[in-house]
Structures are given as structure tokens and as C-alpha cells.
2 protein chains.
Amino acid sequence: MIEDQPVFCDHKPHHMERFLEVCLLLLLYDEIGYGYGLAEQLSHFGFSEMDLNVSTLYRTLRKMEHDGLVTSLWEAGGQGPRRRVYEITEGGKSELEQWIKVLKVRKARIETLVGAYDRKVSTGDK
Amino acid sequence: MIEDQPVFCDHKPHHMERFLEVCLLLLLYDEIGYGYGLAEQLSHFGFSEMDLNVSTLYRTLRKMEHDGLVTSLWEAGGQGPRRRVYEITEGGKSELEQWIKVLKVRKARIETLVGAYDRKVSTGDK
DNA sequence: TAGACTATATTCACAATGTATATAGTCAAT
DNA sequence: ATTGACTATATACATTGTGAATATAGTCTA
């Protein structure tokens with residue numbers, strides 16, 4: 001029933017559900033953008049090369065379009081491979097606003113938990 | 001391709017991946033506990049009745065046992081239905097410590113994003 | 001014309017969670 | 001005694017979000 005050696009914390013520390021989506025909405029808030037370019041800007045929000053999954057990025061952008069949060073069109077002219085350029089909608093801005101509220105709740109809950117942990121380890125054990 | 005009415009923010013605001021597991025490890029840090037009793041204590045970490053999924057709770061406890069983070073036994077004696085009582089292991093304490101670090105990273109990333117959002121909406125638009 | 005780089009997309013698989021349901025013991029009231 | 005409320009644990013099925021791997025193809029330089 002129990003493994004010989006427990007598997008400790010073998011996940012991706014940066015993984016937070018739908019966090020990528022919120023980051024993309026913010027990047028698109030005041031200027032249009034395309035997949036590959038957005039990937040580079042995501043480093044500002046802690047997405048390293050190792051961390052960012054390109055498949056997930058494109059899939060998320062398409063889903064966001066399906067949900068009406070962004071619109072897209074193929075960039076006219078320009079050199080290099082064609083780019084699908086995304087623009088945020090009013091619905092997208094509204095969704096972003098809601099998500100920011102959610103993230104503030106998440107942050108508060110993390111603070112509560114971490115605070116409780118620090119109190120326990122400082123007083124009792126160790 | 002695009003829905004008539006976009007579906008806005010229809011998720012569970014309190015949902016954070018594996019957050020329940022970390023809360024349970026913390027609750028079990030210095031005393032044993034069982035499923036139903038832990039469910040009540042979880043309100044301290046923001047889990048409302050609506051929010052907490054009992055199936056998920058029991059399933060998570062069993063998975064934690066499988067991973068060697070806790071051990072369990074059926075409570076001897078006592079009134080009412082039998083309780084499966086859980087106790088944290090040294091591995092569980094170590095895992096909790098790692099998770100706390102992860103949560104601090106998550107919190108920092110949320111702060112970065114929320115800060116960037118607040119700056120955008122205060123200066124530019126609106 | 002080969003290799004590096006830019007750019008988008010799909011397929012398959014898995015992990016975490018939600019919904020619904022099943023089971024069963026205890027206790028108080030009728 | 002038996003119904004209903006409450007305590008307590010657990011499983012089956014489905015959905016969601018993500019990761020890994022792979023496919024396709026245009027551009028640019030050597």
C-alpha cells in the first residue's frame with residue numbers, strides 16, 4: 001500500500017491553474033500580440049524557457065478566442081512566417097478584472113496558510 | 001467559432017491546485033485527525049461548506065497515505081461510526097516544508113501580476 | 001541546400017478535481 | 001420499531017487543465 005520511498009514535491013513550482021490565461025489577458029490589455037512574441041514577454045511574469053509550454057500557450061490563446069475573450073487575424077505583410085495576431089475584447093477586459101479579484105483571494109489564502117505554518121514550526125517543534 | 005455570450009469567470013475562486021493537500025498536512029502537523037473532523041477545521045483556511053468537496057477530501061487523504069505522507073488506522077472504541085484516523089509521517093513533514101516554499105513563490109508571482117494590472121488600469125485606461 | 005530560427009498547431013496521455021451516488025452506523029423523536 | 005437527521009467513509013464517471021511529443025512550414029544565413 002505504501003511506497004518504499006515517498007515521492008516528494010515532484011511538480012512544477014510555477015504551475016498555477018489558468019495563471020497563464022490571466023498573464024496573456026494582461027499582456028494583451030493595451031496592445032495586440034501574437035503567440036511567439038507573447039512567449040518572450042511572459043518571462044516578466046516568471047515563466048522561464050523551461051517553464052513555459054509552447055503547446056499550452058497556443059492552445060490557451062485559441063481557447064480564449066473561442067470564449068470570446070480575444071479576437072484574432074492573420075497579420076498582413078511583414079517578413080518571416082505569418083503571425084496570428086490577437087486583440088483583447090471588452091469581454092476579455094471584464095474577465096481579467098474578475099480574475100484579478102480571484103488572484104487576490106488566492107494570495108490571501110496562501111498568506112493565511114504560510115502564516116499558520118511559520119507559527120507552528122517556530123513555537124512547537126524544532 | 002465564437003459563442004454568442006462569452007462565459008465569464010464561471011470557476012471556483014478558491015480552487016488552487018493541491019492546496020487542500022497542503023492544508024491537510026498542516027492540520028495534521030502536530031495532532032492526528034480524521035476526514036470528517038478535518039473537514040470542519042478546513043474552514044480556518046477559507047474552505048466554506050459550498051467550497052469543500054467531501055469526495056475530494058477523502059480521496060486526497062487516501063492518496064497522501066499511498067504517497068507515504070501520512071499513515072492511518074481505524075480508531076479503537078469511541079461512539080458513532082468508525083473513524084479512519086490519520087497521522088503525519090516524517091516524509092509528510094518534509095513534503096509540507098517543500099510545499100510552503102512553493103506557495104511563497106506562487107504568492108510572489110501573484111503579487112507581480114496584480115501589481116502590473118493595478119499600474120495599467122490606474123495610468124492608461126479608465 | 002543545409003541548418004538555424006521563427007511560427008502555429010494537433011495528437012495522445014495524465015493529473016487533479018467535481019458530481020453523483022453508495023454504504024452504513026448512531027441518535028432522537030414519533 | 002421505524003423514520004429522519006447526522007456522522008463517517010468510499011467509489012464510479014466525467015471534465016478540465018496541462019505536459020510531452022510531434023507535424024508543418026516559411027525565412028534567413030552560410
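Per chain, numbering begins at 1; letters A, B, ... match sequence-line order.
Residues passing the side-chain hydrogen bond (donor to acceptor under 3.5 Å, both in side chains) test with E17(A) are H15(B), sequence neighbours excluded. Residues passing the side-chain contact (heavy atoms from CB on, under 4.5 Å) test with T56(B) are L20(B), N53(B), R59(B), T60(B), sequence neighbours excluded. Scored by the side-chain hydrogen bond (donor to acceptor under 3.5 Å, both in side chains) test, Y34(A) finds R83(A) as partners (sequence neighbours excluded). In this view, K63(B) and E21(B), D67(B) satisfy the salt bridge (charged side-chain N to carboxylate O under 4.0 Å, His left out) rule, not counting sequence neighbours. Partners of I32(A) under the side-chain contact (heavy atoms from CB on, under 4.5 Å) rule, at least two apart in sequence or in another chain, are V85(A), E87(A). In this structure, the side-chain contact (heavy atoms from CB on, under 4.5 Å) partners of I88(B), at least two apart in sequence or on a different chain, are L25(B), L28(B), K93(B).
In this structure, CH2 of W99(A) is placed 11 Å from C1' of dG17(D), rounded to the nearest angstrom. Taking atom CG of L61(A) as the reference point, atom P of dA7(C) lies 14 Å away to the nearest angstrom. Distance, M64(A) CE to dA9(C) C1': 17 Å, rounded to whole Å. Spacing between atom NE2 of H66(A) and atom P of dT16(D) amounts to 11 Å, rounded to whole angstrom units. Between the C1' atom of dT9(D) and the CD atom of E40(B) lies a distance of 15 Å, rounded to the nearest Å. For the pair R62(A) CZ and dT8(C) C1', the interatomic distance rounds to 9 Å; values are reported in whole Å. The distance from atom CG of D51(A) to atom C1' of dG19(D) is 12 Å, rounded to the nearest whole Å.
In this structure, of dA21(D), dA9(C), dT8(C), it is dA21(D) that holds the atom nearest to the side chain of S55(A). For V54(B), counting side-chain heavy atoms from C-beta on, the closest listed nucleotide (dA10(D), dA7(C), dT9(D)) is dT9(D).
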Produce the list of close N/O pairs, under 3.5 Å, pairing protein atoms with atoms of nucleotides 13-17 of chain C; give distances to one decimal.
{"from": "dA16(C)", "atom 1": "OP1", "to": "R18(B)", "atom 2": "NH1", "distance (Å)": "3.1"}
{"from": "dT17(C)", "atom 1": "OP1", "to": "R18(B)", "atom 2": "N", "distance (Å)": "2.7"}

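A salt bridge between K107(B) and E111(A) is present, with a side-chain N of the basic residue lying under 4.0 Å from a carboxylate O of the acidic one.
An OP1 or OP2 oxygen of dT9(D) is reached within less than 4.0 angstrom by no side-chain nitrogen or oxygen of Y36(B). Between R83(B) and dA8(D) there is a side-chain N or O to OP1 or OP2 distance below 4.0 Å. A close approach under 4.0 Å does not occur between any side-chain nitrogen or oxygen of Y58(A) and OP1 or OP2 of dA9(C).
Of the possible polar contacts, one joining the R109(B) side chain to the F45(A) backbone as a donor-acceptor pair under 3.5 Å is found.
Residue pairs meeting the salt bridge (charged side-chain N to carboxylate O under 4.0 Å, His left out) criterion with at least one partner in residues 28-37 of chain A, sequence neighbours excluded, are D30(A)-K120(B).
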I need a per-nucleotide contact map over nucleotides 23-30 of chain D, read 5' to 3'. Cutoff is protein heavy atoms under 4.0 Å; write B for the base, S for backbone only, - otherwise. ---BSS--

